[in-house]
Trainee: 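Input: one structure, supplied below.
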Amino acid sequence: MNSLKTKLEDRTATAAVIGLGYVGLPLAMEIAAAGFHVVGIDLDRNKINTLKQGKSYILDVAEKVVADAVQGGKFTPTMDFSTLATCDTVSICVPTPLSKSRDPDISFILSATEEIRKYLHPGQLIVLESTTYPGTTDELIVPELENSGLKVGSDFFVAFSPERIDPGNASFNTHNTPKIVGGITPKCTEIARLFYSAFIERVIPVSSTKCAEMVKLLENTFRSINIGMVNELALMCDLLGVDVYEVIDAAATKPFGFSPFYPGPGLGGHCIPIDPHYLAWKLKALNFQARFIGLAAEINGMMPSVVATMVADGLNRVSKAIRGSKIMILGVAYKKNVSDCRESPALDVMRLLSDKGAILSYNDPLVPTLRLGGNLLKSIDATPAEIAKHDCVIILTDHSTYDIGKIVQAAQLVVDTRNATKNIRGNKDRIIKLGSGNRVPSSSVHDDEHDSAPIRVIGRA
Ligand SMILES: NC(=O)c1ccc[n+]([C@@H]2O[C@H](COP(=O)([O-])OP(=O)(O)OC[C@H]3O[C@@H](n4cnc5c(N)ncnc54)[C@H](O)[C@@H]3O)[C@@H](O)[C@H]2O)c1
């Protein structure tokens with residue numbers, strides 16, 4: 001412990017990061033910037049080759065940062081796990097997706113741990129950063145590592161420290177986002193705290209790995225449930241003829257007890273749609289049903305069909321059907337100003353519309369190509385002339401580069417799922433906005449006495 005402590009204090013430690021994706025690469029760059037030598041290990045040959053050339057494939061990590069780290073000898077990208085033999089710390093940042101049956105797939109964590117066990121040596125610190133269910137670190141990682149014959153807490157140290165990075169966030173990054181650490185033993189927590197304090201502004205120790213795992217799941221389950229609640233509120237507002245965004249913004253003026261969340265076309269990314277299922281799965285094994293998680297997943301999961309219905313309603317106004325209509329999707333990444341399409345609701349919306357016979361195209365300045373089913377689609381230019389050729393455009397992701405005024409001016413029909421058109425004054429009749437109360441005619445409130453539109457029938461008695 002002492003020698004590792006000294007190496008961390010004088011920055012002579014070598015740190016390994018396993019998995020160089022959205023989480024691992026920014027982390028590796030932050031550790032290198034603090035003066036440590038970092039070994040970055042990934043199974044993806046293309047990523048390793050790109051990094052070796054000093055290039056970046058993550059928008060939030062500038063090319064120059066990678067180039068400087070590689071050329072300055074501070075960062076060594078490799079596919080070779082045997083380099084772990086020379087590393088003092090190992091951070092695991094591999095994916096934790098869901099299996100086809102929507103159960104946790106922790107195979108990436110397990111295979112990384114097997115590799116670490118082969119090269120485990122006294123004084124090493126192992127930290128799991130991948131989001132996972134409570135118990136993964138002490139029930140799976142520690143027993144596998146102790147198969148080496150070394151003992152956790154005395155020979156080597158293990159902690160869980162959830163990654164909280166928010167891709168595309170211009171204010172918060174790895175460096176200034178507070179970091180939670182929970183070790184297997186108090187000594188493990190202390191050494192992990194020391195490691196992160198070297199390159200992260202604020203480190204918060206908690207009492208156990210299980211607590212640290214649960215912190216991450218609370219954060220993301222909180223988001224999933226609040227988004228589910230506000231998506232349901234948007235549907236209510238549509239029926240009530242109230243603009244949900246006006247309601248939320250007014251409620252957000254309350255200086256305590258309220259946090260604004262906004263509706264949208266569904267959940268996306270590698271975290272919010274997935275992580276709560278890790279918690280629900282673990283609890284199911286303990287005979288406990290996580291009901292809020294299930295309900296939020298149900299409501300969030302139906303939002304793509306709500307969008308398809310909005311499109312159908314809009315086209316119906318001008319006597320068109322989805323079948324045969326030309327529909328352009330604006331923004332396919334799962335959120336604003338990022339290029340990540342994992343779990344993006346755009347994929348579900350496009351599948352639904354395609355199944356109904358729509359002729360689809362898409363534009364996303366950050367996603368030049370998109371795989372949908374067996375097809376590789378190419379982003380087309382969203383010029384006014386191109387937009388005008390479409391029967392409908394759907395704003396699924398409101399990237400900052402979109403000129404919404406020009407889009408609305410050129411379009412025949414705009415389905416807005418992100419409140420992107422909030423400042424548009426003219427052409428309101430061609431905009432259908434989620435949660436604005438303008439998508440459902442008042443006759444949808446079923447009151448036989450007060451139907452607003454005359455019923456057109458053949459064969460009136
Ligand atoms: N993306 C986010 O915004 C975010 C935020 C917080 C937490 N997380 C969590 O962090 C973890 C990583 O997510 P990500 O978005 O960085 O994933 P990612 O897919 O972008 O990156 C993971 C990398 O790990 C590599 N990899 C897979 N198995 C490996 C192995 N056995 N050895 C070495 N490399 C391996 C992959 O090739 C890939 O490059 C997940 O648990 C995720 O839930 C993600």
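Positions are given from 1 along the sequence. Atoms within each ligand, like the ligands themselves, are counted from 1 in listed order.
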Trainee: Residues in side chain to side chain donor-acceptor pair (under 3.5 Å) with N226, at least two apart?
Mentor: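 Applying side chain to side chain donor-acceptor pair (under 3.5 Å) to N226 gives none.
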Trainee: Short N or O contacts of ligand 1 with protein, under 3.5 Å, listed by atom name?
Mentor:
residue: ligand 1; atom: 15 (O); partner: R342; partner atom: NH1; Å: 3.3
residue: ligand 1; atom: 15 (O); partner: R342; partner atom: NH2; Å: 2.9
residue: ligand 1; atom: 16 (O); partner: Y22; partner atom: N; Å: 3.1
residue: ligand 1; atom: 16 (O); partner: V23; partner atom: N; Å: 2.9
residue: ligand 1; atom: 17 (O); partner: R342; partner atom: NH1; Å: 3.4
residue: ligand 1; atom: 19 (O); partner: R342; partner atom: NH1; Å: 3.3
residue: ligand 1; atom: 20 (O); partner: Y22; partner atom: N; Å: 3.1
residue: ligand 1; atom: 31 (N); partner: S111; partner atom: OG; Å: 3.2
residue: ligand 1; atom: 37 (O); partner: D42; partner atom: OD1; Å: 2.6
residue: ligand 1; atom: 39 (O); partner: D42; partner atom: OD1; Å: 3.4
residue: ligand 1; atom: 39 (O); partner: D42; partner atom: OD2; Å: 2.6
residue: ligand 1; atom: 39 (O); partner: K47; partner atom: NZ; Å: 2.7
residue: ligand 1; atom: 41 (O); partner: T96; partner atom: OG1; Å: 2.5
residue: ligand 1; atom: 41 (O); partner: T131; partner atom: N; Å: 3.0
residue: ligand 1; atom: 43 (O); partner: T131; partner atom: OG1; Å: 3.4

Trainee: Could you work out, with salt bridge (Lys or Arg N to Asp or Glu O under 4.0 Å) as the rule, every residue matching R164, not counting sequence neighbours?
Mentor: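 Scan of R164 (salt bridge (Lys or Arg N to Asp or Glu O under 4.0 Å), adjacent residues dropped) gives E219.
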Trainee: What pair of heavy atoms forms the shortest contact from A358 to I327, and how long is it?
Mentor: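 Residues A358 and I327, closest heavy atoms: CB-CD1, 3.8 Å.
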Trainee: Can you label the angle between the H399 ring and the Y402 ring as parallel, tilted or perpendicular, going by 30° and 60°?
Mentor: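 H399 and Y402: tilted rings.
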Trainee: Would you say the side-chain atoms of H270 pair up with the backbone N or O of D340, donor to acceptor, closer than 3.5 Å?
Mentor: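 No; judged by distance alone, with no hydrogens or angles, the pair does not exist.
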Trainee: Taking distance alone, no hydrogens or angles, what donor-acceptor pairs closer than 3.5 Å link side-chain atoms of residues 260-267 to residues at least two apart or in another chain?
Mentor:
residue: Y262; atom: OH; partner: D249; partner atom: OD1; Å: 3.0

